[in-house]
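Counting starts at 1 for both ligands and their atoms, in listed order. Since the structure is predicted, the reported quantities are computational estimates derived from the model, not experimental observations.
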Amino acid sequence: MYRAKITAAAYHVPDRVVTNHDLAKVLDTSDEWIRTRTGIRERHFAARGESTSDLAAAAVKKLLKQRGIDAKEIDCIIVATVTPDMFFPSTACVLQEKIGASNAWGFDLSGACSGFLYALATGSQFVHSGAYGKVLVVGADLMTSILDPRDRNTYILFGDGAGVVLLEPTRPGERGIIDFLLRCDGSGGKYLRMPGGGSLHPASPDTIRRNMHVVHQDGRAVFKFAVQGMSDVSESILRRNHLCSSDVDLFVPHQANIRIIDASTEKLGLEQSKVVRNIDRFANTTAATIPIGLGESYEDRRLKKGDLVLLATFGAGFTSGSLLLRWTL
Ligand code: UT7
């Protein structure tokens, strides 16, 4: 029986850094408000003409170099995103061509901020079943393509970025991905969504006039769900694996608001030193926050072989999820 393990992790963010001070020049906001309410100091914004697949391709190229393999060895590519380059072809197809993964098939997965965990769980099953030996799982979003730059409620919260991991089968005695727990509750859909552009409200002068092609969010409603949702999935996955928070070596939560991260961490009883917090530099990159957190922690040697790693997320849908793994690199 095969299990899946992560054998490489990398990320890429665009060059342009936009600080809170930069935003305060064009919006009725302040560095102080953004920092104290969200924990964000700055974020990276893509250049005009840059797309989600460009960010993903840059992250994948770093990963292939890190693992020392050719793109032709990849069997399958899963791209979690809510900002695909276009409706179709999928961003996975665009990416497959850009990186030269000519032996791979792939698809996009829409799970909003939980997209990466949904994709990681899905990809792990292809390895677990023995179907594939090398699966790329990408979380990539170019949020600036769906934000209203005049809306201070949303524009300050997000950044652009991509992260990727490679899944391969474990060797005898290795654990790799241990368990995952994924949820969704469609009744939360109205609180965070982009209503226009799909089959319900196809793009038209009317949808543009009604500003339907950008993120709409009821921040307070999402906040409440987030703290409860993220701590609940984390507690449940630990409990059903007969583990407690002190067993966790590194917690990589979705980065949407430092207050959400801190409140969930406190509920879980986790030491602050075990929590990845990079929202100050990247803001909320939607499907990319967790793979960026993994890529950065691996690069900084914060992740060590044998570490028990807990990933947790929540997002539009509502969606939420947690995943437990043993780091094997
Ligand atoms: O991964 C995606 C999931 N999304 C999230 O996780 C978001 C969850 N929600 C949040 O993170 C928080 O609710 C926000 C950061 C979005 C907002 O923080 P809040 O503490 O809930 O503020 P609020 O919405 O209750 O607004 C407080 C005040 C309001 O003014 P009044 O009505 O009290 O006069 C807002 O108009 O702050 C005002 N405000 C701002 N002021 C300065 C809202 N945005 C801004 C801003 N700058 N950017």
Keeping Asp179 on the side-chain end and Leu324 on the backbone end, is there a donor-acceptor pair under 3.5 Å? no

Against heavy atoms of Asn153, which atoms of ligand 1 measure under 4.0 Å? 43 (C), 44 (N)

To check your reading of the model: name the closest protein heavy atom to atom 6 (O) of ligand 1, its residue, and the distance in Å. Ala256 CB, 3.3 Å

Specify whether His44 and Phe282 have parallel, tilted or perpendicular ring planes, treating 30° as the upper limit for parallel and 60° as the lower limit for perpendicular. tilted

Within the 4.0 Å heavy-atom shell around Leu192, which atoms of ligand 1 are there? 2 (C), 3 (C)

Atom 1 (O) of ligand 1: protein heavy atom closer than 4.0 Å? yes

Using a strict cut-off of 4.0 Å, indicate which atoms of ligand 1 neighbour a heavy atom of His254. 1 (O)

Taking only non-hydrogen atoms of Phe314 and a 4.0 Å limit, the atoms of ligand 1 in range are 3 (C), 6 (O)

Quick one: nearest non-hydrogen protein atom to atom 22 (O) of ligand 1, plus distance? Arg37 NH1, 3.3 Å

Would you verify that at least one protein heavy atom lies under 4.0 Å from atom 41 (N) of ligand 1, or report that none does? yes

Identify, for atom 14 (C) of ligand 1, the protein heavy atom at the shortest distance, and state residue, atom and that distance. Asn257 ND2, 4.5 Å

Using a strict cut-off of 4.0 Å, indicate which atoms of ligand 1 neighbour a heavy atom of Thr38. 15 (C)

Protein heavy-atom partner closest to atom 47 (N) of ligand 1 - residue, atom, separation in Å: Thr29 OG1, 2.6 Å

Which protein heavy atom lies closest to atom 18 (O) of ligand 1, and at what distance to 0.1 Å? Arg259 NH2, 3.5 Å

Can you sort out which atoms of ligand 1 are near Cys113, meaning under 4.0 Å from one of its heavy atoms? 1 (O), 2 (C)

Evaluate whether atom CD of Glu97 has more than 12 neighbouring non-hydrogen atoms of other residues, nucleotides or ligands under 6.0 angstrom away. no

Do the side chain of Asn20 and the main chain of Ile40 share a donor and acceptor less than 3.5 angstrom apart? yes

Where does Ile260 meet ligand 1, judged by heavy-atom distances below 4.0 Å: at the side chain, the backbone, both, or neither? side chain

Who's the nearest protein heavy-atom neighbour of atom 25 (O) of ligand 1, and how far? Arg220 NE, 2.5 Å

Going by the angle between their ring planes, with limits at 30° and 60°, are Tyr132 and Trp105 parallel, tilted or perpendicular? tilted

Atom 36 (O) of ligand 1 has as its nearest protein heavy atom Arg152 NH2, 3.0 Å

Measuring to protein heavy atoms, does anything land under 4.0 Å from atom 29 (C) of ligand 1? no

Closest protein heavy atom to atom 8 (C) of ligand 1, given as residue, atom name and distance to 0.1 Å: Gly219 O, 3.6 Å

Trp33 and ligand 1 - part of the residue with a heavy-atom distance under 4.0 Å: side chain

Please could you name the atoms of ligand 1 that Asn284 approaches to less than 4.0 Å, counting only its heavy atoms? 1 (O), 2 (C)

Quick note on ligand 1: atoms under 4.0 Å from a heavy atom of Gln217 include exactly 3 (C), 4 (N), 5 (C), 7 (C)

Before giving the answer on ring-ring contact (aromatic ring centres under 6.0 Å, His included), spell out for Tyr155 and Phe45 the whole-Å C-alpha distance, their side-chain angles and the decisive distance to 0.1 Å. CA-CA 11 Å; Tyr155 199 58; Phe45 278 3; 5.6 Å; yes

